[in-house]
Amino acid sequence: MKANDSKRKVLVTGGTGYIGSHACLSLHEAGFEPVLIDNLCNSSRRVLPRLQELSGQSFTFYEGDIRDRELLRSIFAAHQPWAVMHFAGLKAVGESVAEPERYHANNVEGTESLLQAMAEAGVQRLVFSSSATVYGDPDLVPIAESAPRRTTNPYGQNKLDIEHMLERLAAADERWRIACLRYFNPAGAHASGRLGEDPNGIPNNLMPYISQVAVGRRPQLDVFGDDYDTPDGTGVRDYIHVMDLVEGHVAALEHLQQANGFIPVNLGTGAGLSVLELRAAFAAASGQDIPYRIQPRRPGDIAASWADPSRAKALLGWQAKRNVRELCADAWRWQHNNPQGYDSE
Ligand code: NAD
Ligand code: UFG
């Protein structure tokens, strides 16, 4: 990195959210200056002092919606960011089935608004949070980026619509540099135990559910199905440590210095773990009992999904470094120290 651009600013949408907050730290460590925007619909302002404590810096934060074009214009004018990392979005699959219009308006129209503001400001470097959900129920595992894309719910359709929008942009104007990162199952927390996942209400995802059982907030884990075509019958996923994930974002940002176009990349470990295996790993890391009961399959779930991460390694020089033991130990440190998430203090 050149000395005169050692503090390049990166606008982080959804910056107080689970992945966005960890990304801010990673950006800071890599010599970038994150500027955050979040409407706090699914996160807490209490993330901000934690980020300051961990980074020694007070990051600029705008409370607002990415659909507020005036606000975006003023942020781009004030900061002239070098790039954007776009995390802002609604992500609960079940909710998206119940409220597809709200999901489209927030996720797809929100991204349109952001892209418009970027184009007006001449900012054409973007790292976008896509998801393995765009592969639907895969024909093959591990899943490569060339696998067919299909969706099974409105949330997945939002991600696919946005991917198509980004592809069209890049095809029309070669100055766009877009890393489209397809996450597998992000989990875990910053090793300090000060930043982590703090879902509202009953967690939809496995890892925060297990953590809340371990800390005594919930009596037991419901395992959704033990009759899948997998080694122990429970669903298999690729759980990737959130710090590995955000380091992959910084690697993608660096890659955009030399690459243009629409660049889809899987971020996963390349290994699958079943529900019961993750439960056992968490019990071992936390020393807590995690009672469970087998329940019927959850509608819409697939048997198995894990990444072929070879493109990320070849293109970005990135691969996941942390193993499942660290993932569970870090998730437990966060949950144990903050039993009520950011409301704990
Ligand atoms: P999160 O809910 O913790 O973070 C998203 C943040 O965006 C929240 O802080 C929310 O308040 C904010 N936000 C939502 N709509 C907004 C809007 N219109 N304007 C401004 N802020 C808005 O979720 P996360 O887990 O950190 O996910 C980040 C991104 O990664 C999302 O786009 C999500 O779809 C994607 N993703 C997440 C997962 C996962 O399992 N966590 C998997 C694949 C992809
Ligand atoms: N599961 C349980 N009990 C629970 C929660 C989950 O048994 O209480 C099981 C599921 O049936 C599945 C596995 O744990 O087999 C993982 O489920 P998650 O809900 O944690 O994750 P998914 O793979 O279903 O979906 C997540 C995100 C999606 C995203 C996808 C791929 O929620 O938005 O990863 O990135 F698209």
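This structure is a prediction, so every number in the text was calculated from the model and none was measured. Every number for a ligand or one of its atoms is a count from 1 in the order of the listing.
- The distance criterion of under 3.5 Å between nitrogen or oxygen atoms is met by Leu206 with respect to ligand 2.
- A donor-acceptor pair under 3.5 Å links the side-chain atoms of Ser211 to the main chain of Met207, judged by distance alone.
- Phe224 CZ to Ile294 CD1: the interatomic distance, rounded to the nearest 0.5 Å, is 11.0 Å.
- Asp232 and Ser274 form a side-chain donor-acceptor contact under 3.5 Å, judged by distance and modelled atom types alone.
- By heavy-atom distance, the residue among Ile302, Asp301, Asn185 lying nearest atom 21 (O) of ligand 2 is Asn185.
- The proximity of Asp222 to ligand 2, defined as any non-hydrogen pair under 4.0 Å, is limited to the backbone.
- Listed by number with element, the atoms of ligand 2 under 4.0 angstrom from any heavy atom of Asn204 are 5 (C), 19 (O).
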Please tabulate, one line per pair, the protein nitrogen or oxygen atoms found under 3.5 angstrom from a nitrogen or oxygen of ligand 1, with distances to 0.1 Å, or say none if there are no such pairs.
| unit_1 | atom_1 | unit_2 | atom_2 | d |
| --- | --- | --- | --- | --- |
| ligand 1 | 2 (O) | Asn42 | ND2 | 2.7 |
| ligand 1 | 3 (O) | Tyr18 | N | 2.8 |
| ligand 1 | 9 (O) | Gly17 | N | 3.4 |
| ligand 1 | 9 (O) | Asp38 | OD1 | 3.2 |
| ligand 1 | 9 (O) | Asp38 | OD2 | 2.6 |
| ligand 1 | 9 (O) | Ser43 | OG | 2.7 |
| ligand 1 | 11 (O) | Asp38 | OD1 | 2.6 |
| ligand 1 | 11 (O) | Asn39 | OD1 | 3.4 |
| ligand 1 | 11 (O) | Cys41 | N | 3.1 |
| ligand 1 | 11 (O) | Asn42 | N | 2.9 |
| ligand 1 | 15 (N) | Asn106 | ND2 | 3.0 |
| ligand 1 | 18 (N) | Asp65 | OD1 | 3.1 |
| ligand 1 | 18 (N) | Asp65 | OD2 | 3.4 |
| ligand 1 | 18 (N) | Asn106 | OD1 | 2.9 |
| ligand 1 | 19 (N) | Ile66 | N | 3.1 |
| ligand 1 | 21 (N) | Asn39 | N | 3.2 |
| ligand 1 | 21 (N) | Asn39 | OD1 | 3.3 |
| ligand 1 | 23 (O) | Lys91 | NZ | 3.4 |
| ligand 1 | 25 (O) | Lys91 | NZ | 2.8 |
| ligand 1 | 26 (O) | Tyr18 | N | 3.3 |
| ligand 1 | 26 (O) | Ile19 | N | 2.8 |
| ligand 1 | 32 (O) | Phe87 | O | 2.9 |
| ligand 1 | 32 (O) | Lys159 | NZ | 3.0 |
| ligand 1 | 34 (O) | Tyr155 | OH | 2.7 |
| ligand 1 | 34 (O) | Lys159 | NZ | 3.0 |

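- Ser344 and Asn338 are not linked by any side-chain donor-acceptor pair at a separation below 3.5 angstrom, with hydrogens and angles left out of the test.
- Both tests do not hold together for Arg237 against Trp306: distance to the six-membered ring centre under 6.0 Å, angle to the ring axis within 45°.
- Counting only residues at least two apart or on different chains, the ring-ring contact (aromatic ring centres under 6.0 Å, His included) pairs with a member in residues 226-271 are Phe87-His249, Tyr183-His249.
- Residue-to-ligand polar distances place Ser131 within reach of ligand 2: an N/O pair is separated by less than 3.5 Å.
- His22 approaches His190 most closely through the heavy-atom pair NE2-N, 3.2 Å.
- Contact record, His28 with Gln57: CE1-CG, 3.3 Å, taken as the closest heavy-atom pair.
- With atom 24 (O) of ligand 2 as the reference point, the heavy atom nearest to it among Arg298, Lys159, Gln212 is part of Arg298.
- For the pair Tyr103 (side chain) and Ala92 (backbone), a donor-acceptor distance under 3.5 Å is present.
- Asn205 ND2, 3.8 Å is the protein heavy atom nearest to atom 27 (C) of ligand 2.
- Here the shortest heavy-atom pairing between Ile19 and Pro186 reads CD1-CG, 3.9 Å.
- Atom 16 (C) of ligand 2 has its nearest heavy-atom neighbour, among Tyr135, Tyr228, Tyr155, Tyr239, in Tyr239.
- The two atoms that bring Leu256 and Arg177 nearest to each other are O-NH1, 2.6 Å, heavy atoms only.
- Distances from atom 4 (C) of ligand 2 to the heavy atoms of Phe184, Phe224, Tyr209 show the closest one on Phe224.
- If you check which protein heavy atom lies closest to atom 23 (O) of ligand 2, you get Arg237 NE, 2.6 Å.
- Using a 4.0 Å cut-off to heavy atoms of Val223, the atoms of ligand 2 that qualify are 7 (O).
- Ring pair Phe282/Trp332 is perpendicular by interplanar angle, where above 60° counts as perpendicular and below 30° as parallel.
- Evaluated by nearest non-hydrogen atom to atom 14 (O) of ligand 2, the leading choice among Thr234, Val275, Leu276 is Val275.
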